[in-house]
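Just so you know, residue 1 is the first one in the sequence shown, and it goes up from there.
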Amino acid sequence: MAALKLGVLGSSKGSNFRAIADAVARGDINADIRIVISDFEDAGILTLARERGIRAEFVHPGKFRTKMEPEREQHLAQLLRDAEVELVVLAGYMRMVKAPLLEAFPQRIINIHPSLLPAFPGLTAWKQAVAARASKSGCTVHYVDSGMDTGEIIARAEVPVLANDSAESLHARIQSAEHKLYPAVISQLASRFSR
Ligand code: GRF
């Protein structure tokens with residue numbers, strides 16, 4: 001079966017990308033990471049990609065804070081298309097995805113969110129969980145639609161919220177769960193989507 005061609009988008013340190021790339025390198029995911037793109041020129045995820053010999057590109061987001069300017073998102077979509085990407089993986093990509101990208105990859109964009117969706121969508125979900133005194137939290141992999149963390153849920157992993165948890169300690173526990181769940185889900189999708 002052909003390896004599924006992935007494009008990864010991220011804005012930050014890239015620990016989920018690292019987990020995915022390591023799983024691909026071990027042969028646990030039948031995929032080929034064709035390109036990594038960030039909206040931050042100095043994002044750790046770009047450095048991690050370059051260290052692995054994976055093409056890494058910065059796309060300037062333009063003047064908005066929460067989304068890309070449409071023509072810049074169009075350019076990003078074209079980079080993914082030119083790289084023959086079949087599944088777009090958001091790994092800490094901190095902008096809303098809009099029509100240019102959604103229409104280029106219908107039902108082929110996935111995201112990981114640090115809560116048990118539909119609970120605690122949006123920013124710093126782990127802080128929301130601690131503030132709400134939730135007894136459990138976790139992470140969710142879902143398809144991306146035009147809403148904020150509203151797309152169809154693919155899989156979730158639970159972690160406990162402990163009585164003495166700080167936002168930071170809970171976030172670390174959730175991230176450990178993310179690093180297992182995201183590669184496992186991508187591996188399943190690679191089997192399903194590959195020809
Ligand atoms: C993760 O916690 C993920 O759930 C959220 O952004 C964070 C990215 O972290 N969407 P990293 O860059 O993968 O380390």
Side-chain angles (χ1 to χ4, degrees), residues 6-31 33 36-40 42-49 51-52 54 56 65-66 87-97 109-145 147-192:
L6 305 180
V8 181
L9 307 189
S11 308
S12 52
K13 63 185 191 293
S15 69
N16 278 284
F17 164 72
R18 188 204 310 262
I20 295 161
D22 287 351
V24 169
R26 283 195 305 271
D28 292 348
I29 305 176
N30 182 22
I33 304 175
V36 173
I37 304 176
S38 183
D39 54 335
F40 282 97
D42 56 357
I45 193 169
L46 293 179
T47 309
L48 288 176
E51 283 169 5
R52 287 165 168 74
I54 295 170
R65 202 172 52 82
T66 59
L87 179 69
V88 180
V89 175
L90 307 190
Y93 181 67
M94 299 306 286
R95 288 174 198 271
M96 295 288 288
V97 174
I109 309 174
I110 61 173
N111 180 45
I112 190 156
H113 180 78
S115 77
L116 296 174
L117 289 173
F120 309 130
L123 291 176
T124 54
W126 58 92
K127 286 188 188 164
Q128 297 183 50
V130 168
R133 297 181 186 280
S135 61
K136 62 183 185 184
S137 188
C139 51
T140 304
V141 179
H142 63 94
Y143 288 105
V144 173
D145 64 13
M148 166 88 84
D149 305 318
T150 51
E152 181 193 338
I153 290 173
I154 302 170
R156 306 194 298 178
E158 253 181 55
V159 304
V161 182
L162 306 179
N164 60 355
D165 259 333
S166 62
E168 291 70 31
S169 63
L170 177 60
H171 189 206
R173 193 175 307 119
I174 291 173
Q175 284 230 292
S176 296
E178 290 181 342
H179 300 158
K180 296 191 188 78
L181 183 68
Y182 218 3
V185 168
I186 294 167
S187 175
Q188 284 173 7
L189 293 179
S191 307
R192 197 191 309 164

Residues that Arg18 engages under side chain to side chain donor-acceptor pair (under 3.5 Å), provided they are two or more places apart = none
For Arg192, all residues meeting side-chain contact (heavy atoms from CB on, under 4.5 Å), sequence neighbours excluded | Tyr143, Leu189
Sequence-distant partners of Asp28, side chain to side chain donor-acceptor pair (under 3.5 Å), two or more places apart | Arg26
Tell me which donor-acceptor pairs under 3.5 Å the side chains of residues 128-136 have, and how far apart each pair is, sequence neighbours excluded?
from	atom 1	to	atom 2	distance (Å)
Gln128	NE2	Pro121	O	2.9
Gln128	NE2	Leu123	O	2.9

Under the side chain to side chain donor-acceptor pair (under 3.5 Å) test, residues paired with Lys13 that sit two or more places apart = Gln175
So which pairs with a foot in residues 111-122 pass side chain to side chain donor-acceptor pair (under 3.5 Å), sequence neighbours left out?
-> Asn111-His142, His113-Ser115, His113-Asp149
Are Pro114 and Glu178 close enough that some pair of their side-chain heavy atoms sits under 4.5 Å apart?
-> yes
For residues Ile186 and Ile110, determine if any side-chain heavy atom of one lies less than 4.5 Å from a side-chain heavy atom of the other.
-> yes
Do the side chain of Ser38 and the main chain of Leu46 share a donor and acceptor less than 3.5 angstrom apart?
-> no
His171: what forms a ring pair (Phe, Tyr, Trp, His ring centres under 6.0 Å) with it, not counting sequence neighbours?
-> Trp126
With sequence neighbours excluded, what pairs up with Ser187 under the side chain to side chain donor-acceptor pair (under 3.5 Å) test?
-> none
Listed pairs under 3.5 Å, donor-acceptor, residues 152-168 side chains, sequence neighbours left out:
from	atom 1	to	atom 2	distance (Å)
Glu152	OE1	Gln107	NE2	3.1
Arg156	NH1	Leu117	O	2.5
Asp165	OD1	Ser169	OG	2.6
Asp165	OD1	Arg173	NH2	3.0
Asp165	OD2	Leu162	N	2.8
Asp165	OD2	Arg173	NH1	2.7
Ser166	OG	Glu168	N	3.4
Ser166	OG	Ser169	N	3.0
Ser166	OG	Ser169	OG	3.3

Under the side-chain contact (heavy atoms from CB on, under 4.5 Å) test, residues paired with Ala49 that sit two or more places apart | Phe17, Val36, Ile54, Ala56
